[in-house]
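Some notes on the structure that comes next.
Throughout, a chain's letter reflects where its sequence line sits, starting with A, and its residues are numbered from 1.
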Amino acid sequence: MQGLRRTHSAREIVPELIGREVVLTGWVHRRRDHGGVIFVDLRDRGEIVQVVFKPELSPETHARAGDLRSEYVILVRGEVRRRSEDTINPKMATGEVEVDVLELRILNRATPPPFPIEDEIEADEATRLRHRIHDLRRGPLQRALTLRHNLYQSVRRTLTRNEFLEIETPFLGKSTPEGARDFLVPSRLHHGEFYALPQSPQVMKQLLMIAGFDRYFQIARCFRDEDQRADRQLEFTQIDLEMSFTDVEEVLGILEEITVRGSADAAGVELTAPFRRLSYADAMARYGSDKPDTRVLLELVDVTDAFRESEFRAFRANVDAGGIVKCLPIHDAAELGRGAIDRLEKFVKKELGAKGLAWIRVNDDGSWQSPIVKFFSESEKAAIAAATELRPGSLVFFQADTAPRANGILSRLREDLGRQLGRVEDRPWDVLFVVDFPLFEPDDEGRLTYVHQPFVAPVEEDIPLLDSEPERVRGTHYDVVLNGVELGSGSLRNHRSDVQRKIFEIMGYSKEESEARFGFLLNALDSGAPPHGGFAFGYDRWVMLLAGLDSLRDVIAFPKTQRGQDLLLDAPTPVGPEQLSELGITLPPAETEP
RNA sequence: GGGGCGGUAGUUCAAUUGGUUAGAGCACCGGCCUGUCACGCCGGAAGUUGCGGGUUCGAGUCCCGUCCGCCCCGCCA
């Protein structure tokens, strides 16, 4: 590029520059060779400007323009000109002007792209991931990553203004048995020992609070070795934040400020603070989910009490076993015919593990149609009718199961059917806090375990209950939910080691186990820990929602497939015996086919 | 770990009940073309039908196994 530097980017080629000489660099987006005049769309950071090669301006340059191919990297020097009226392209941002090229330099040639570099393509995802470079040249990814950048800047501005310090914490940390599966990194200096990549900087940031940093944040990479989904990657980014001498209200205020400003700065999305608050109990009762999209208008109704003495064995046995009976009433549901109901039943049984899908339909004449209602007493019928406000045209789906499963199944039906039937409020954004979570819940074996993570502080007046009725203790935990997606969560943390020890004890850890796993934290708490709290905010999901996308892979530059592979790098890969022996690792002999 | 959908040319797709030489659009290559903007016209090349095995006179098609991509459950905050 000797001697010539670009003077403008494509998006800067505006009518005000007409008559000026400019130097542009970029990629050949498309070439239209008319034998005489040659048009080239020059692309540069997602913006396109037309450059024109005319034989009469420079025969030599024109001749070489004939060699150009898609994705060649070029530099052109030329004059910005107004297009004639009849050749203005209203579909292009720069469509009023073009550049008459005087000089062309081919900076690099390029192999043909595997798919067109356009906004709308049909390439399948594996092809896109294998050719990620080309995919990243496309408008949607250029825009998503630009949004992502703008959001980083907004968050940093907001937090800096609020006197938060950005501090990095280690990637090479300590494995702990809680939560997700760790990614392990073998130690060369200590054979047989492993670092763990952080699932989040949770404990490190608490140590920073104890060290007196008062307000910390980090846009942190986190690693969790679990199966992936459209909205879950092995590595992902969190806005991680912690503050000392604070309370829930202050933390939620910061959370609102970041969310509102970030959404506005990066995507022009207007959210209004303060956010609505919903208790965990209400969320579960009405929506069957702790991350409801409340734009969906359907709500669940609990009818457990109606079946405590029921003759209907399927429901009664479930209630006797501590389960619940809950239902999803849908009024004016004529369009859901018998076929649709059968498909739903198949779906919930097969995909969601439901035992069945009982239902009642109210005919136009007020009579009931249902596979189960013949087992109901008159008082049970009356109770259901009252609780669900049945009327002609109503359809009610039932689940009798454990509370988590009944809620899970009905909540999925609620969202699916709500959308399908258009029972959705007409507003693009739904943001809320879910608060008043319990600190503990029983696990599959009936033992108490933490609901979120083991460092959440109990609500202060519930501390005495830790000894008597731990399952009734409320946590200081809160979630932010945006459009039915859990974006972030936080809490106040235990700053008293006695409370923290008690919580470990309730979770069934012996003193020795607590010391071995978290001795460093307990000691730190004893060294003068201030009251503190904060949150962690799922950055990739936030970008995804603001960009209107439904896969994290579309907001991460180099994402992994569902099986955890990077198709561009071809990672992971085996490593050689020298590397392994240096780490003191011996692999089992390769399993041979029988 | 489980359920579902998919894998044919660089790419997106087609190929009758198992039947001749596996086709088409776009991309690519060559030629023509001075106002296009998904330029146009003419011509051409392009295939381990994901991989391995089986059934069959004959397999893209049927069977078994396996790998890969996506969605979901489990798992995960």
- Mind checking who G10(B) pairs with, Watson-Crick or G-U wobble, both distances under 3.5 Å? C26(B)
- Query: Which part of the nucleic acid does Asp290(A) contact within heavy-atom distance under 4.0 Å: base, sugar-phosphate only, or nothing?
  - Reply: base
- In the strands shown, is U36(B) matched to any nucleotide by a Watson-Crick or G-U wobble pair with both distances under 3.5 Å, and which? none
- Task: Report the residues that fulfil salt bridge (Lys or Arg N to Asp or Glu O under 4.0 Å) with Asp554(A), sequence neighbours left out, ordered by chain and then residue number.
- Result: Arg128(A)
- Mind telling me whether His477(A) and His452(A) have parallel, tilted or perpendicular rings, with 30° and 60° as the class edges? parallel
- Contact class for Arg69(A) (heavy atom, under 4.0 Å): base, sugar-phosphate, or nothing? sugar-phosphate
- So which of residues 53-63 of chain A are in contact with RNA chain B, with a heavy-atom cut-off of under 4.0 Å? Lys54(A), Pro55(A), Glu56(A)
- Message: Counting the atoms with a prime plus P, OP1 and OP2 as sugar-phosphate, which does Gln233(A) contact under 4.0 Å by heavy atoms, base, sugar-phosphate, or nothing?
- Response: nothing
- Message: Protein within reach of the bases, or only the backbone? For nucleotides 67-75 of chain B, mark each nucleotide 5' to 3' as B, S or -, using heavy atoms under 4.0 Å.
- Response: -SSBBSBBB
- Note on the structure: Heavy-atom contacts, protein to nucleotides 39-45 of chain B, under 4.0 Å, summarised as B (base), S (sugar-phosphate only) or - (none) per nt, yield B------
- Message: Can you list everything that forms a side-chain hydrogen bond (donor to acceptor under 3.5 Å, both in side chains) with Asp436(A)? Sequence neighbours excluded, please.
- Response: none
- OP1 or OP2 of U12(B) sitting under 4.0 Å from any side-chain N/O of Thr127(A)? yes
- Task: Pick base, sugar-phosphate or nothing for Gln50(A), based on heavy-atom distances below 4.0 Å to the nucleic acid.
- Result: base
- Message: What's Gly179(A) touching, base or sugar-phosphate or nothing? Going by heavy atoms closer than 4.0 Å.
- Response: sugar-phosphate
- Which value, in whole Å, describes the distance between the P atoms of nucleotides G53(B) and C13(B)? 29 Å
- Residues that Tyr72(A) engages under side-chain hydrogen bond (donor to acceptor under 3.5 Å, both in side chains), provided they are two or more places apart: none
- Message: For a quick check of understanding: with a heavy-atom distance under 4.0 Å over all strands, which category does Phe39(A) fall into, base, sugar-phosphate or nothing?
- Response: base
